[in-house]
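Have a look at the structure below before the remarks.
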Protein chains: 2
Amino acid sequence: MTENGQEISKIAIDPVIFTIHLSKLKVLLHVREKEPFADMKELPGGLLLHNETAEESLKRKLKELVGQENLFFKQFYTFTEPNRDPRERTISIGFVSLINEAKIKELVRWFDYDSIKDLAFDHKKILQTARNYLKENVNSSIVKYFMPKLFPLNKLQEVYEILEERKYDNRNFRKKMISSSIVEEMNQLEQNVSHRPAKLFRFK
Amino acid sequence: MTENGQEISKIAIDPVIFTIHLSKLKVLLHVREKEPFADMKELPGGLLLHNETAEESLKRKLKELVGQENLFFKQFYTFTEPNRDPRERTISIGFVSLINEAKIKELVRWFDYDSIKDLAFDHKKILQTARNYLKENVNSSIVKYFMPKLFPLNKLQEVYEILEERKYDNRNFRKKMISSSIVEEMNQLEQNVSHRPAKLFRFK
DNA sequence: CCAAAAGTGTTAGTAGTACACCCATGA
DNA sequence: TCATGGGTGTACTACTAACACTTTTGG
């Protein structure tokens, strides 16, 4: 605190990185080694360095975490509770980031969103706010980031359903995607499946 | 800067307070007295105090600025450019806030959004981001904050048109508002107008 | 009686919803 | 031939868009 009562603070970014794997929404978490909250899980955030914007800091973090810096990301809220970090005041800029499972090397640190219990600090609240943001902003340009280049329409439908927590009618869903030119059919079929192979589509 | 390169920063809030007066979108601005940017206009922001969340700080500011603290407000983005304040690092949490013109005592410090030129710091950018946020999030629960308790439907249409920068067909607009139960007719007429008086409505 | 803004209905097109069976493939 | 998921059409409803004239009031 400076002498006139104006606060100075550390600045953190907390990325909530989502992916979909085996029909489940997953989030990247760390296990804390040190106090406070030792052994609890936390979002893989970090502090802003000198001369760095929040977005630059996030990109640095994404590269470190998943080896890539050109993922989708979006600021969704800044958390400013004075005691959210018991050590010293730290405000945290929350980001939602999305990654396609095919780009992930190891799945160890990814946890089912629905099974996540307590997290360190206020990270449970940050996580829920991010989930809510994601749910309210589902559209084809968001969903795109979860999909591989080529995919069957039914996989696309599944991703929409997981993100929005609702069901679509299969016939209506296909009609909508095709007629609104969101996707286009490629001349390829799914391989190595023990049922009728699906036609593959891509985003236009 | 702390010794390991981790940045500490002052934390500001910058409220972009909108109202509509005489069919124009207006914003509350201050004229700076001191350097840097002396005599230029700026958003009426301020620094977070010790033990204060961004939202508490904003409410304190709103009370000071317009005498009320229960206005609509929403965080829309946090600005973190390292040199956005030439004196020392300050990040700013941007808020959109809305007020009905009837609650404003003096209109001196309110400026037409469309006529605002350069502002101090990065406030022009903050202002444009806020305007954009507002435009993309127009709905009846936002528009409500611009309206008095009772209003003619045509005034409501005008507010939608200003916020969204588009026109509505008068007949279709009225049908939609009434049939979707957003508003209800009261048994009162406009007073003291030199033309056919309009029926007054309120939000349900 | 004029100026000013309020108020009113119909039609056509588009988008969304509900619904049940056959198809192609591998095992 | 069976199990598995892929793939298809029609009818109804709801919403959106286009469009022009009459009404009520004060001055």
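Per chain, numbering begins at 1; letters A, B, ... match sequence-line order.
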Let me confirm one number: the CG-NZ distance from B:Asn187 to B:Lys199, rounded to the nearest 0.5 Å. 9.5 Å
Is the shortest distance from a Lys or Arg side-chain nitrogen in [X] or [Y] to a carboxylate oxygen in the other one below 4.0 Å?
X: B:Lys26; Y: B:Asp112; result: yes
X: A:Glu184; Y: A:Arg202; result: yes
X: B:Arg60; Y: B:Glu69; result: no
X: B:Lys10; Y: A:Glu7; result: no

Of residues 196-204 of chain A, the positions that come close to DNA chain D - non-hydrogen atoms, cut-off under 4.0 Å: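 Heavy-atom contacts with DNA chain D come from A:Arg196, A:Pro197, A:Ala198, A:Lys199.
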Heavy atoms from C-beta onward define the side chain here; which of [options] lies closest to that of [X]?
X: A:His195; options: D:dT4, D:dT8, C:dG9; value: D:dT4
X: A:Lys175; options: D:dT10, D:dG27, C:dG16; value: D:dT10
X: A:Asn172; options: C:dA20, C:dT17, C:dT10; value: C:dT17

Grab the [atom1]-[atom2] distance between [X] and [N] for me, whole Å please.
X: A:Arg171; N: D:dG5; atom1: CZ; atom2: C1'; value: 15 Å
X: A:Lys176; N: D:dT8; atom1: NZ; atom2: P; value: 19 Å
X: A:Leu153; N: D:dG6; atom1: CG; atom2: P; value: 10 Å
X: A:Asn192; N: C:dT25; atom1: CG; atom2: P; value: 14 Å
X: B:Ile178; N: D:dC15; atom1: CD1; atom2: C1'; value: 16 Å
X: B:Asp169; N: C:dG13; atom1: CG; atom2: C1'; value: 15 Å
X: B:Asn170; N: D:dC21; atom1: CG; atom2: C1'; value: 13 Å
X: B:Leu189; N: D:dT23; atom1: CG; atom2: C1'; value: 13 Å

Any idea which heavy atoms bring A:Pro15 and A:Gly45 closest together, and the distance? CD-CA, 3.6 Å
Which atom names give the shortest non-hydrogen contact between B:Thr19 and B:Phe146, and what distance separates them?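 Between these two residues, the closest heavy atoms are CA-CE2, 3.7 Å.
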Hey, are the side chains of A:Phe72 and A:Leu98 touching, using non-hydrogen atoms and a 4.5 Å cut-off?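 Yes; the side chains approach each other to less than 4.5 Å.
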We want to know whether B:Asn172 and B:Lys175 form a side-chain donor-acceptor pair, criterion being a heavy-atom distance below 3.5 angstrom. yes
Please determine whether a side-chain nitrogen or oxygen atom of B:Arg174 lies at a distance below 4.0 Å from atom OP1 or OP2 of C:dG7.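 For B:Arg174, the contact criterion (side-chain N or O under 4.0 Å from OP1 or OP2 of C:dG7) is met.
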Is any side-chain nitrogen or oxygen of A:Asn154 closer than 4.0 Å to OP1 or OP2 of D:dG6? yes
Between the axis at one end of the helix from C:dC1-D:dG27 to C:dA27-D:dT1 and the axis at the other (five pairs apiece), what's the angle to 10 degrees? 10°
